Protein chains: 2
Amino acid sequence: MTKNSCDWQPDEQGDFTAQGSDELPAENRSALHRFGPDYRWEGVATEAYRPEGSGFASVLRNVIIGGNGETCRFHLRYFELGRGGYSALEKHEHEHVVICVRGMGKAVVGDRAWELRHLDVLYVAPNEPHQLLNEGDGPFGFFCMVNADRDRAVDLLEDELKWLQESASTRELIRL
Amino acid sequence: MTKNSCDWQPDEQGDFTAQGSDELPAENRSALHRFGPDYRWEGVATEAYRPEGSGFASVLRNVIIGGNGETCRFHLRYFELGRGGYSALEKHEHEHVVICVRGMGKAVVGDRAWELRHLDVLYVAPNEPHQLLNEGDGPFGFFCMVNADRDRAVDLLEDELKWLQESASTRELIRL
(Lines give C-alpha, C1' and ligand atoms only; values in the text may rest on other atoms or scores of the structure.)
Protein backbone atom coordinates (compact mmCIF):
# COMPACT_ATOMS: atom_id res chain seq x y z
CA MET A 1 0.00 0.00 0.00
CA THR A 2 1.51 3.27 -1.07
CA LYS A 3 -1.69 5.26 -0.80
CA ASN A 4 -0.29 7.89 1.49
CA SER A 5 1.42 10.19 -0.97
CA CYS A 6 2.61 12.69 1.61
CA ASP A 7 4.58 10.07 3.43
CA TRP A 8 5.21 7.82 0.54
CA GLN A 9 8.50 5.95 0.87
CA PRO A 10 10.27 4.46 -2.12
CA ASP A 11 10.94 1.17 -0.35
CA GLU A 12 8.29 1.09 2.30
CA GLN A 13 6.95 -2.24 3.43
CA GLY A 14 3.62 -1.00 4.66
CA ASP A 15 4.68 0.23 8.08
CA PHE A 16 4.77 3.93 8.76
CA THR A 17 7.62 5.55 10.60
CA ALA A 18 8.00 9.30 10.80
CA GLN A 19 11.63 9.76 9.90
CA GLY A 20 13.84 10.79 12.76
CA SER A 21 11.03 11.51 15.16
CA ASP A 22 11.60 8.69 17.61
CA GLU A 23 15.22 7.97 16.98
CA LEU A 24 18.42 9.46 18.23
CA PRO A 25 19.78 11.92 15.73
CA ALA A 26 22.10 10.27 13.24
CA GLU A 27 23.51 13.67 12.45
CA ASN A 28 22.33 17.02 13.68
CA ARG A 29 24.66 19.60 12.29
CA SER A 30 24.09 22.93 10.65
CA ALA A 31 24.10 22.53 6.89
CA LEU A 32 23.48 24.46 3.72
CA HIS A 33 21.49 22.62 1.08
CA ARG A 34 22.25 24.57 -2.02
CA PHE A 35 19.51 24.77 -4.63
CA GLY A 36 20.52 23.28 -7.96
CA PRO A 37 19.27 22.63 -11.46
CA ASP A 38 15.90 20.99 -11.92
CA TYR A 39 14.85 21.64 -8.32
CA ARG A 40 17.36 19.50 -6.54
CA TRP A 41 19.13 20.36 -3.32
CA GLU A 42 22.70 19.48 -2.42
CA GLY A 43 22.91 16.72 0.14
CA VAL A 44 19.29 15.71 -0.38
CA ALA A 45 18.44 12.38 -1.96
CA THR A 46 16.09 12.47 -4.91
CA GLU A 47 13.39 9.88 -4.75
CA ALA A 48 12.48 8.74 -8.22
CA TYR A 49 9.21 9.36 -9.96
CA ARG A 50 6.67 6.65 -9.93
CA PRO A 51 4.47 6.88 -12.97
CA GLU A 52 1.44 5.43 -11.26
CA GLY A 53 0.46 4.25 -7.79
CA SER A 54 -2.65 3.48 -5.86
CA GLY A 55 -4.59 6.72 -5.56
CA PHE A 56 -1.82 9.01 -6.72
CA ALA A 57 0.18 9.64 -9.88
CA SER A 58 3.57 11.05 -10.81
CA VAL A 59 4.76 12.18 -7.41
CA LEU A 60 8.37 13.05 -6.65
CA ARG A 61 9.44 13.51 -3.05
CA ASN A 62 12.60 14.96 -1.45
CA VAL A 63 13.07 15.19 2.29
CA ILE A 64 15.19 18.32 2.68
CA ILE A 65 15.01 18.63 6.46
CA GLY A 66 14.07 15.67 8.62
CA GLY A 67 16.03 12.79 7.15
CA ASN A 68 19.42 13.51 8.69
CA GLY A 69 18.65 13.51 12.39
CA GLU A 70 17.63 17.15 12.51
CA THR A 71 15.93 17.73 15.85
CA CYS A 72 13.37 20.36 14.89
CA ARG A 73 9.78 19.30 15.45
CA PHE A 74 8.94 19.65 11.80
CA HIS A 75 10.10 18.32 8.48
CA LEU A 76 10.55 20.19 5.24
CA ARG A 77 9.92 18.23 2.08
CA TYR A 78 9.77 19.16 -1.60
CA PHE A 79 7.15 17.43 -3.70
CA GLU A 80 6.78 17.63 -7.41
CA LEU A 81 3.83 16.50 -9.48
CA GLY A 82 4.52 15.76 -13.11
CA ARG A 83 2.03 16.32 -15.91
CA GLY A 84 -1.25 14.76 -14.85
CA GLY A 85 0.12 14.12 -11.38
CA TYR A 86 -1.90 14.21 -8.19
CA SER A 87 -1.41 13.35 -4.56
CA ALA A 88 -3.74 11.02 -2.69
CA LEU A 89 -7.13 12.36 -1.67
CA GLU A 90 -6.80 11.92 2.07
CA LYS A 91 -7.10 13.41 5.54
CA HIS A 92 -5.15 13.23 8.78
CA GLU A 93 -4.86 14.90 12.14
CA HIS A 94 -1.60 16.67 11.31
CA GLU A 95 -1.49 19.96 9.48
CA HIS A 96 0.14 20.82 6.17
CA VAL A 97 1.86 24.03 5.23
CA VAL A 98 2.47 24.17 1.48
CA ILE A 99 4.49 26.77 -0.46
CA CYS A 100 4.28 26.69 -4.23
CA VAL A 101 7.72 27.17 -5.81
CA ARG A 102 7.58 25.60 -9.26
CA GLY A 103 4.90 26.06 -11.88
CA MET A 104 1.36 26.10 -10.65
CA GLY A 105 -1.26 23.64 -9.53
CA LYS A 106 -4.53 23.13 -7.76
CA ALA A 107 -5.43 22.22 -4.21
CA VAL A 108 -8.69 20.69 -3.10
CA VAL A 109 -9.22 21.44 0.60
CA GLY A 110 -12.57 20.37 1.93
CA ASP A 111 -15.06 21.38 -0.76
CA ARG A 112 -12.97 24.31 -1.96
CA ALA A 113 -10.57 24.33 -4.88
CA TRP A 114 -7.72 26.82 -4.96
CA GLU A 115 -5.17 27.56 -7.63
CA LEU A 116 -1.64 27.66 -6.25
CA ARG A 117 0.87 29.98 -7.85
CA HIS A 118 4.39 31.16 -7.08
CA LEU A 119 4.98 31.55 -3.31
CA ASP A 120 1.33 31.17 -2.37
CA VAL A 121 1.16 29.60 1.10
CA LEU A 122 -1.55 27.07 1.89
CA TYR A 123 -2.48 25.92 5.39
CA VAL A 124 -4.46 22.68 5.63
CA ALA A 125 -6.12 22.37 9.05
CA PRO A 126 -6.43 19.03 10.88
CA ASN A 127 -8.72 16.44 9.33
CA GLU A 128 -9.55 18.48 6.24
CA PRO A 129 -9.76 16.21 3.18
CA HIS A 130 -7.23 17.44 0.64
CA GLN A 131 -5.58 16.67 -2.67
CA LEU A 132 -2.98 18.48 -4.78
CA LEU A 133 -3.17 18.25 -8.55
CA ASN A 134 -1.21 19.26 -11.60
CA GLU A 135 -3.45 20.07 -14.53
CA GLY A 136 -0.82 21.94 -16.52
CA ASP A 137 1.95 20.92 -18.88
CA GLY A 138 4.97 21.69 -16.72
CA PRO A 139 5.92 20.35 -13.31
CA PHE A 140 4.13 21.62 -10.21
CA GLY A 141 6.52 21.75 -7.26
CA PHE A 142 5.94 22.77 -3.69
CA PHE A 143 7.47 22.67 -0.26
CA CYS A 144 5.36 20.84 2.29
CA MET A 145 5.98 21.20 6.00
CA VAL A 146 4.60 18.80 8.59
CA ASN A 147 5.12 17.95 12.23
CA ALA A 148 7.94 15.44 12.69
CA ASP A 149 5.62 13.31 14.83
CA ARG A 150 2.45 12.83 12.92
CA ASP A 151 -0.39 10.43 12.31
CA ARG A 152 -0.87 8.43 9.18
CA ALA A 153 -3.30 9.58 6.53
CA VAL A 154 -6.59 7.77 6.18
CA ASP A 155 -9.11 7.42 3.39
CA LEU A 156 -12.16 9.64 3.42
CA LEU A 157 -15.43 8.44 4.87
CA GLU A 158 -18.16 7.65 2.37
CA ASP A 159 -20.07 10.80 3.33
CA GLU A 160 -17.00 12.96 2.86
CA LEU A 161 -16.30 11.49 -0.53
CA LYS A 162 -19.92 12.02 -1.57
CA TRP A 163 -19.70 15.64 -0.38
CA LEU A 164 -16.70 16.30 -2.62
CA GLN A 165 -18.22 14.37 -5.52
CA GLU A 166 -21.30 16.56 -5.34
CA SER A 167 -19.69 19.91 -4.66
CA ALA A 168 -19.57 22.21 -7.68
CA SER A 169 -15.99 23.28 -6.89
CA THR A 170 -14.46 19.86 -6.51
CA ARG A 171 -16.55 17.26 -8.35
CA GLU A 172 -14.71 17.67 -11.69
CA LEU A 173 -11.34 17.91 -10.04
CA ILE A 174 -10.80 15.13 -7.52
CA ARG A 175 -9.10 11.92 -8.54
CA LEU A 176 -9.40 8.57 -6.76
CA MET B 1 15.03 44.89 24.84
CA THR B 2 14.47 43.94 21.24
CA LYS B 3 17.70 42.09 20.82
CA ASN B 4 16.09 38.87 19.66
CA SER B 5 15.51 39.60 16.02
CA CYS B 6 13.97 36.26 15.19
CA ASP B 7 11.23 36.75 17.68
CA TRP B 8 11.13 40.48 17.59
CA GLN B 9 7.70 41.90 18.28
CA PRO B 10 6.73 45.40 17.26
CA ASP B 11 5.08 46.15 20.59
CA GLU B 12 6.74 43.72 22.92
CA GLN B 13 7.21 44.70 26.54
CA GLY B 14 10.19 42.50 27.21
CA ASP B 15 8.38 39.26 27.89
CA PHE B 16 8.66 36.47 25.40
CA THR B 17 5.67 34.48 24.28
CA ALA B 18 5.85 32.05 21.39
CA GLN B 19 2.77 33.00 19.46
CA GLY B 20 -0.05 30.54 19.64
CA SER B 21 1.95 27.83 21.33
CA ASP B 22 0.33 27.86 24.75
CA GLU B 23 -2.99 29.35 23.91
CA LEU B 24 -6.20 27.91 22.62
CA PRO B 25 -6.43 28.41 18.89
CA ALA B 26 -8.22 31.66 18.03
CA GLU B 27 -8.80 30.29 14.56
CA ASN B 28 -7.56 27.08 13.07
CA ARG B 29 -8.99 26.87 9.61
CA SER B 30 -7.52 25.97 6.28
CA ALA B 31 -6.49 29.10 4.43
CA LEU B 32 -4.71 30.24 1.31
CA HIS B 33 -2.31 33.13 1.81
CA ARG B 34 -1.85 34.40 -1.68
CA PHE B 35 1.52 35.90 -2.53
CA GLY B 36 1.30 39.52 -3.59
CA PRO B 37 3.41 42.44 -4.72
CA ASP B 38 6.52 43.33 -2.74
CA TYR B 39 6.54 40.02 -0.90
CA ARG B 40 3.35 40.35 1.05
CA TRP B 41 0.85 37.58 1.71
CA GLU B 42 -2.91 37.93 1.86
CA GLY B 43 -4.25 37.72 5.39
CA VAL B 44 -0.81 38.25 6.91
CA ALA B 45 -0.02 41.43 8.82
CA THR B 46 3.07 43.29 7.76
CA GLU B 47 5.20 44.41 10.64
CA ALA B 48 6.88 47.68 9.84
CA TYR B 49 10.57 48.18 9.32
CA ARG B 50 12.60 49.49 12.16
CA PRO B 51 15.59 51.31 10.85
CA GLU B 52 17.74 50.46 13.82
CA GLY B 53 17.51 48.38 16.98
CA SER B 54 19.79 46.94 19.58
CA GLY B 55 22.00 44.44 17.82
CA PHE B 56 20.06 44.29 14.57
CA ALA B 57 19.16 46.60 11.71
CA SER B 58 16.43 46.93 9.11
CA VAL B 59 14.48 43.78 9.84
CA LEU B 60 10.96 43.16 8.54
CA ARG B 61 8.97 40.27 9.93
CA ASN B 62 5.73 38.60 8.82
CA VAL B 63 4.23 35.65 10.65
CA ILE B 64 2.57 33.70 7.85
CA ILE B 65 1.68 30.58 9.82
CA GLY B 66 1.52 30.64 13.61
CA GLY B 67 -0.33 33.83 14.40
CA ASN B 68 -3.87 32.67 13.73
CA GLY B 69 -4.23 29.74 16.07
CA GLU B 70 -2.76 27.22 13.65
CA THR B 71 -2.05 24.06 15.61
CA CYS B 72 1.03 22.80 13.81
CA ARG B 73 4.11 22.52 15.98
CA PHE B 74 6.02 24.98 13.88
CA HIS B 75 5.70 28.52 12.64
CA LEU B 76 6.48 29.91 9.23
CA ARG B 77 7.71 33.49 9.12
CA TYR B 78 9.05 35.67 6.35
CA PHE B 79 11.90 38.01 7.23
CA GLU B 80 13.36 40.68 5.06
CA LEU B 81 16.59 42.54 5.61
CA GLY B 82 16.89 45.89 3.90
CA ARG B 83 20.11 47.34 2.60
CA GLY B 84 22.69 47.04 5.36
CA GLY B 85 20.30 44.96 7.43
CA TYR B 86 21.32 42.18 9.77
CA SER B 87 19.68 39.98 12.36
CA ALA B 88 21.01 39.68 15.90
CA LEU B 89 24.12 37.57 16.44
CA GLU B 90 22.67 35.02 18.82
CA LYS B 91 22.14 31.41 19.74
CA HIS B 92 19.34 29.30 21.17
CA GLU B 93 18.32 25.73 21.73
CA HIS B 94 15.71 25.70 18.96
CA GLU B 95 16.61 25.10 15.34
CA HIS B 96 16.14 27.33 12.32
CA VAL B 97 15.24 26.28 8.81
CA VAL B 98 15.78 29.14 6.38
CA ILE B 99 14.81 29.31 2.69
CA CYS B 100 16.09 32.23 0.66
CA VAL B 101 13.36 33.62 -1.61
CA ARG B 102 14.27 37.23 -2.34
CA GLY B 103 17.62 38.57 -3.42
CA MET B 104 20.62 37.08 -1.71
CA GLY B 105 22.41 37.39 1.58
CA LYS B 106 24.93 35.88 3.93
CA ALA B 107 24.63 33.61 6.91
CA VAL B 108 27.18 33.24 9.67
CA VAL B 109 26.71 29.86 11.35
CA GLY B 110 29.36 29.01 13.91
CA ASP B 111 32.63 30.09 12.32
CA ARG B 112 31.42 29.50 8.78
CA ALA B 113 29.99 32.05 6.40
CA TRP B 114 27.66 30.99 3.62
CA GLU B 115 26.13 32.93 0.78
CA LEU B 116 22.40 32.31 0.48
CA ARG B 117 20.83 32.43 -2.94
CA HIS B 118 17.45 31.61 -4.43
CA LEU B 119 15.85 28.57 -2.75
CA ASP B 120 18.96 27.57 -0.85
CA VAL B 121 17.89 25.87 2.37
CA LEU B 122 19.88 26.45 5.56
CA TYR B 123 19.58 24.36 8.71
CA VAL B 124 20.92 25.89 11.91
CA ALA B 125 21.45 23.24 14.58
CA PRO B 126 20.75 23.88 18.28
CA ASN B 127 23.01 26.37 20.05
CA GLU B 128 24.98 27.35 16.97
CA PRO B 129 25.74 31.08 17.01
CA HIS B 130 24.26 32.62 13.87
CA GLN B 131 23.54 35.87 12.11
CA LEU B 132 21.95 36.73 8.76
CA LEU B 133 23.19 39.74 6.83
CA ASN B 134 22.36 41.72 3.75
CA GLU B 135 25.43 43.15 2.09
CA GLY B 136 23.79 43.88 -1.24
CA ASP B 137 21.73 46.73 -2.62
CA GLY B 138 18.34 45.02 -2.85
CA PRO B 139 16.26 43.38 -0.14
CA PHE B 140 17.24 39.95 1.19
CA GLY B 141 14.14 37.94 2.07
CA PHE B 142 13.80 34.48 3.50
CA PHE B 143 11.34 32.13 5.09
CA CYS B 144 12.34 31.03 8.56
CA MET B 145 10.72 28.04 10.23
CA VAL B 146 10.94 27.37 13.94
CA ASN B 147 9.28 25.18 16.53
CA ALA B 148 6.11 26.79 17.90
CA ASP B 149 7.39 26.15 21.42
CA ARG B 150 10.88 27.46 21.63
CA ASP B 151 13.40 29.00 23.95
CA ARG B 152 14.48 32.60 23.86
CA ALA B 153 17.72 33.56 22.15
CA VAL B 154 20.69 34.49 24.30
CA ASP B 155 23.85 36.50 23.70
CA LEU B 156 27.02 34.64 22.89
CA LEU B 157 29.54 33.82 25.59
CA GLU B 158 32.76 35.82 25.55
CA ASP B 159 34.70 32.84 24.22
CA GLU B 160 32.24 32.30 21.41
CA LEU B 161 32.35 35.92 20.41
CA LYS B 162 36.14 35.87 20.45
CA TRP B 163 36.10 32.73 18.30
CA LEU B 164 34.02 34.48 15.63
CA GLN B 165 36.02 37.67 15.90
CA GLU B 166 39.20 35.72 15.21
CA SER B 167 37.94 33.34 12.56
CA ALA B 168 39.01 34.24 9.03
CA SER B 169 35.57 33.48 7.63
CA THR B 170 33.53 35.56 10.02
CA ARG B 171 35.66 38.29 11.56
CA GLU B 172 34.94 40.84 8.82
CA LEU B 173 31.30 39.92 8.61
CA ILE B 174 29.69 39.82 12.02
CA ARG B 175 27.90 42.84 13.41
CA LEU B 176 27.20 43.53 17.07
Side-chain angles (χ1 to χ4, degrees), chain A residues 25 27-36 39-44 62 64-66 68-76 78 93-102 107 109-110 112 114-130 141 143 145-150, chain B residues 25 27-36 39-44 62 64-66 68-76 78 93-102 107 109-110 112 114-130 141 143 145-150:
Chain A
E27 188 179 11
N28 188 31
R29 293 184 301 198
S30 295
L32 178 64
H33 300 287
R34 202 166 280 293
F35 179 64
Y39 284 71
R40 301 292 174 268
W41 283 264
E42 254 179 38
V44 176
N62 278 201
I64 302 176
I65 302 294
N68 279 309
E70 296 94 345
T71 43
C72 46
R73 289 183 162 187
F74 56 91
H75 290 177
L76 171 67
Y78 172 74
E93 185 68 35
H94 66 269
E95 306 84 352
H96 278 314
V97 173
V98 167
I99 308 174
C100 177
V101 289
R102 186 176 202 181
V109 182
R112 287 158 296 183
W114 280 312
E115 200 170 77
L116 295 186
R117 297 186 294 257
H118 183 63
L119 294 189
D120 286 346
V121 176
L122 173 68
Y123 174 71
V124 181
N127 294 314
E128 276 261 57
H130 59 276
F143 292 118
M145 282 148 273
V146 286
N147 295 335
D149 282 312
R150 57 188 181 271
Chain B
E27 190 178 12
N28 188 30
R29 292 183 301 198
S30 296
L32 178 63
H33 299 286
R34 202 167 282 292
F35 178 64
Y39 284 70
R40 302 293 175 267
W41 283 263
E42 256 179 38
V44 175
N62 279 200
I64 303 177
I65 302 294
N68 279 309
E70 296 94 345
T71 43
C72 46
R73 289 182 161 186
F74 57 91
H75 291 177
L76 171 68
Y78 171 73
E93 184 68 34
H94 66 269
E95 307 84 351
H96 277 314
V97 173
V98 167
I99 308 174
C100 176
V101 289
R102 186 175 203 182
V109 183
R112 287 158 297 183
W114 281 312
E115 200 169 77
L116 295 186
R117 297 185 294 257
H118 184 61
L119 293 189
D120 286 345
V121 177
L122 173 68
Y123 174 72
V124 180
N127 295 315
E128 277 262 56
H130 59 276
F143 292 117
M145 283 149 273
V146 285
N147 295 335
D149 283 312
R150 57 188 181 273

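Chain letters run A, B, ... following the sequence lines, proteins first, then strands; residues in each count from 1. Values reported hereafter were calculated over all heavy atoms of this structure, with side chains retained and with hydrogens, waters and symmetry mates removed. This one's a predicted model, so the numbers in the text were calculated from it and none came from an experiment.
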Check your understanding: side chain to side chain contact (heavy atoms under 4.5 Å, CB included) with B:Arg29: which residues, sequence neighbours excluded?
Key -> B:Glu27
Practice item. Under 4.5 Å heavy-atom distance to chain A, tell me which part of B:Val121 shows up: side chain, backbone, both or neither. Key: both
Practice item. Please list, chain by chain and in numerical order, all residues satisfying side chain to side chain contact (heavy atoms under 4.5 Å, CB included) with B:Glu93, sequence neighbours excluded. Key: B:Pro126, B:Asn127, B:Asp151
Check your understanding: Can you tell me how far the NE2 atom of B:His75 sits from the CZ atom of A:Phe74, to the nearest 0.5 Å?
Key -> 10.5 Å
**Study point:** chain A contacts, top residue of B:Arg34, B:Arg73, B:His33 (heavy-atom pairs, under 4.5 Å)
**Key:** B:Arg34
Practice item. Please state whether the side chain, the backbone, both or neither of A:Ile65 comes within less than 4.5 Å of a heavy atom of chain B. Key: side chain
Review point. Hey, is the main chain of B:Cys72 close enough, under 3.5 Å, to the side chain of A:Asn147 for a donor-acceptor pair?
Key: no
Revision key, fill the gap. For A:Tyr123 and B:Thr71 the tightest heavy-atom approach is OH-N, 3.2 Å
Practice item. Please flag which part of A:Val109 lies under 4.5 Å from any non-hydrogen atom of chain B: side chain, backbone, both or neither. Key: side chain
Review point. Which atoms form the tightest heavy-atom contact between A:Ala125 and B:Ser30, and what is the distance?
Key: N-OG, 2.9 Å
Check your understanding: So, do B:Leu119 and A:Tyr39 sit near enough that their side-chain heavy atoms are less than 4.5 Å apart?
Key -> yes
Check your understanding: Taking every heavy-atom pair that is under 4.5 Å apart, which of B:Ile64, B:Val97, B:Val44 has the most such pairs with chain A?
Key -> B:Val97
**Study point:** Spacing of CZ belonging to B:Phe143 relative to CG belonging to A:Leu76, to within rounding of 0.5 Å
**Key:** 11.0 Å
Exercise for review: Below 4.5 Å from any heavy atom of chain A, which atoms of B:Leu122 appear? Answer side chain, backbone, both or neither.
Suggested key: both
Check your understanding: Between atom CD of B:Glu70 and atom CD of A:Glu95, what is the distance when rounded to the nearest 0.5 Å?
Key -> 9.0 Å
Exercise for review: Sort B:Leu32 into side chain, backbone, both or neither according to what part of it lies under 4.5 angstrom from a heavy atom of chain A.
Suggested key: both
Practice item. Between chain A and each of B:Trp41, B:Trp114, B:Phe35, count heavy-atom pairs under 4.5 Å; write down the option with the most. Key: B:Phe35
